[in-house]
Peer 1: 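Dropping the structure in here first, questions after.
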2 protein chains.
Amino acid sequence: MAMPLASETSHTVRKTLEFVQHHRLAKGDRLPSERELSERFGVARSSVREALAVLDAMRITERKPKSGIFLRNAVEDGGLDALVLQADLGLAFDPQVTRDVTEARIICEGRALQLACQRRSDADLAKLHGLLDSYAALIEAGGNPADADVDFHLAMVAASQNRILVRTLTPLMLMSRRWRQRYFQSAEICRRSLDDHRAFVAAIEARDEAAVATLVRRHVQTAAADVRALAEQGGAPPTETA
Amino acid sequence: MAMPLASETSHTVRKTLEFVQHHRLAKGDRLPSERELSERFGVARSSVREALAVLDAMRITERKPKSGIFLRNAVEDGGLDALVLQADLGLAFDPQVTRDVTEARIICEGRALQLACQRRSDADLAKLHGLLDSYAALIEAGGNPADADVDFHLAMVAASQNRILVRTLTPLMLMSRRWRQRYFQSAEICRRSLDDHRAFVAAIEARDEAAVATLVRRHVQTAAADVRALAEQGGAPPTETA
DNA sequence: CCTACCAATCTGGTCAGACCAGATCAAGCA
DNA sequence: TGCTTGATCTGGTCTGACCAGATTGGTAGG
């Protein structure tokens, strides 16, 4: 799951965002016309329009009829989906954003898991145990658990019985998915992650809200720190221009 | 602000969502083909494709090449933007959703405003005072403060210096915007809202985290209760089929 | 009667070109 | 200089076409 983009439309969305970033366009700036973009990107105008419809829906661009296409927000000020898109596309990120994401995750997930302690059903617990097992198996097999990690965290949040919290946390999880894909290449880190997950399930099973709150803070902050360390030693962010 | 939809594309998005709702389509169900939808809606296939691109980006639909269009999620399980869309379109809502939104808002906004107490700058404070004044003036003039209310709350959250929290709360606020538009027709409620806003600013100014937390809980819960009461006395939800 | 295979059909993906009407802007007139 | 006006540009929408893979129904073979 979690790969929203498909073929030419996504290709054009990517190209457009890269164009914006490359040309340092700011809020209110005007983009080239649809016709020029289609020529520049080597796709039909209809494809450009589909991409722009998506960017419009994300409040990144604004198409003023008979006038032009304008940047409504810097990409980083658009909706959360825009940030997920940016992450999926491997575009550069403002470091402040990653710090803010970490903080927001701790707030939302922390409280969500406390609610999960209160409200979890036996079915929720069974599902978590199942996910835990497949998570362990995946790591054992040497796979990259980035996606499974997202699923696991969202399943825990779902035990709060609040679907809106799940939707709220989804983009926050997906945004960090790419970063963690590198991060999880370390077997040591995978093992530690698995241990944390076990602790999470145990705490939710015991309805131990205090333990869960502490776990969330430690788990998310540690992960963020590790990713940051990786980024620094790995040099510049992955702006991989296609 | 906060009116994302424009012309034919939005029209088709709306029609499509209405189709899904009317036909009680569930996750995994298949929609009619693009060609059939275009005929049914009386628009060109290209317009249908733009609308589908948007719905795809919102993870509501999934277009499987050469196969068909499938419902990835019930509308209510899509991204938060999808819910905002649904609210803007005036489509019916599951009551559980409104309860979940309230809870999520209390969690996120409560913590965000505590952070705002710690981190607010003088500029933040000045901006809040400014918004407060125009809010008061708007109510005095008999205008509907629904949009101004959204702006005010987001400005408070922005004082937390965490842009991701702002982005997270934005859809939660926008979603309830419609409900509150009716709610704010009562002068009494407007006055109470203004008093609350004053209290918010005072608490943030005094960096009183405890007061802010209490205020958020009371403010949001009261508003939700009032809206619920309105909905019950007002009869069925506004499913206004165009 | 059931299975296996194949061709007509359907589907999304993409492209090309056309028309409209309002916005824009520069040239030309007053 | 200032204002009008018309050529040009822009997004919005439609029509129609081709491609290649997915689907499916019917037929031939077991």
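Letters A, B, ... are given to chains in the order of the sequence lines, protein chains preceding strands, and every chain is numbered from 1.
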Peer 1: Looking only at side-chain N and O atoms, does R49(B) come under 4.0 Å of OP1 or OP2 in dG13(C)?
Peer 2: yes
Peer 1: Which whole-number value in Å describes the distance from F70(B) CZ to dT11(C) P?
Peer 2: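 Result: 11 Å.
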Peer 1: Can you measure F41(A) atom CZ to dT14(C) atom P for me and round it to whole angstrom units?
Peer 2: 15 Å
Peer 1: Any ion pair linking R63(B) and E50(A) (charged N to carboxylate O, less than 4.0 Å)?
Peer 2: yes
Peer 1: For K64(A) and dA23(C), give me the distance from atom NZ to atom C1', rounded to whole Å.
Peer 2: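 Checked: the NZ to C1' distance equals 12 Å.
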Peer 1: Is there a donor-acceptor contact under 3.5 Å linking the side chains of D147(A) and Q181(A)?
Peer 2: no
Peer 1: What is the distance, rounded to the nearest whole Å, between atom CD of E50(A) and atom C1' of dG12(D)?
Peer 2: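 Rounded to whole Å, this separation is 15 Å.
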Peer 1: Calculate the interatomic distance between R30(A) atom CZ and dT10(D) atom C1'; express it in whole Å.
Peer 2: 7 Å
Peer 1: Where each residue is assigned the nucleotide of DNA chain C containing its nearest heavy atom, which of G42(A) and R45(A) is assigned the position nearer the 5′ end?
Peer 2: G42(A)
Peer 1: Angle between ring planes, F41(A) versus F19(A), binned at 30° and 60°: parallel, tilted or perpendicular?
Peer 2: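 The rings of F41(A) and F19(A) stand perpendicular, inter-plane angle above 60°.
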Peer 1: Name the orientation class of the two ring planes belonging to F200(A) and H153(A) (parallel below 30°, tilted from 30 to 60°, perpendicular beyond 60°).
Peer 2: perpendicular
Peer 1: Rounding to an integer number of Å, can you tell me how far L52(A) CG sits from dG12(D) P?
Peer 2: 9 Å
Peer 1: In whole angstrom, give the distance that lies between atom CG of D56(A) and atom C1' of dG11(D).
Peer 2: 11 Å
Peer 1: Could you state the CD-C1' distance from E34(B) to dT14(C), rounded to the nearest angstrom?
Peer 2: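 Those two atoms, CD and C1', are 11 Å apart.
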Peer 1: If each of R35(B) and S46(B) is mapped to the nucleotide of DNA chain D with the nearest heavy atom, which maps nearer the 5' terminus, i.e. the 5' end?
Peer 2: S46(B)
Peer 1: Is the distance from OP1 or OP2 of dC14(D) to the nearest side-chain N or O of S47(B) less than 4.0 Å?
Peer 2: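 Affirmative; the distance criterion is met.
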Peer 1: Measuring to OP1 and OP2 of dG13(C), would you say a side-chain N or O of R63(B) lies under 4.0 angstrom away?
Peer 2: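 For dG13(C), OP1 or OP2 has a side-chain N or O of R63(B) closer than 4.0 Å.
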Peer 1: So, is S67(A) near the phosphate of dC9(D), with a side-chain N or O under 4.0 Å from OP1 or OP2?
Peer 2: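 So the side chain of S67(A) is outside the cut-off, no N or O lying under 4.0 Å from OP1 or OP2 of dC9(D).
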Peer 1: Verify side-chain contact (heavy atoms from CB on, under 4.5 Å) between M156(A) and H197(A), making sure each step is shown before the conclusion.
Peer 2: CA-CA 10 Å; M156(A) 288 198 295; H197(A) 283 203; 5.8 Å; no
Peer 1: Taking OP1 and OP2 of dT11(C), is either one under 4.0 Å from a side-chain nitrogen or oxygen of S33(B)?
Peer 2: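 So the side chain of S33(B) is within the cut-off, an N or O lying under 4.0 Å from OP1 or OP2 of dT11(C).
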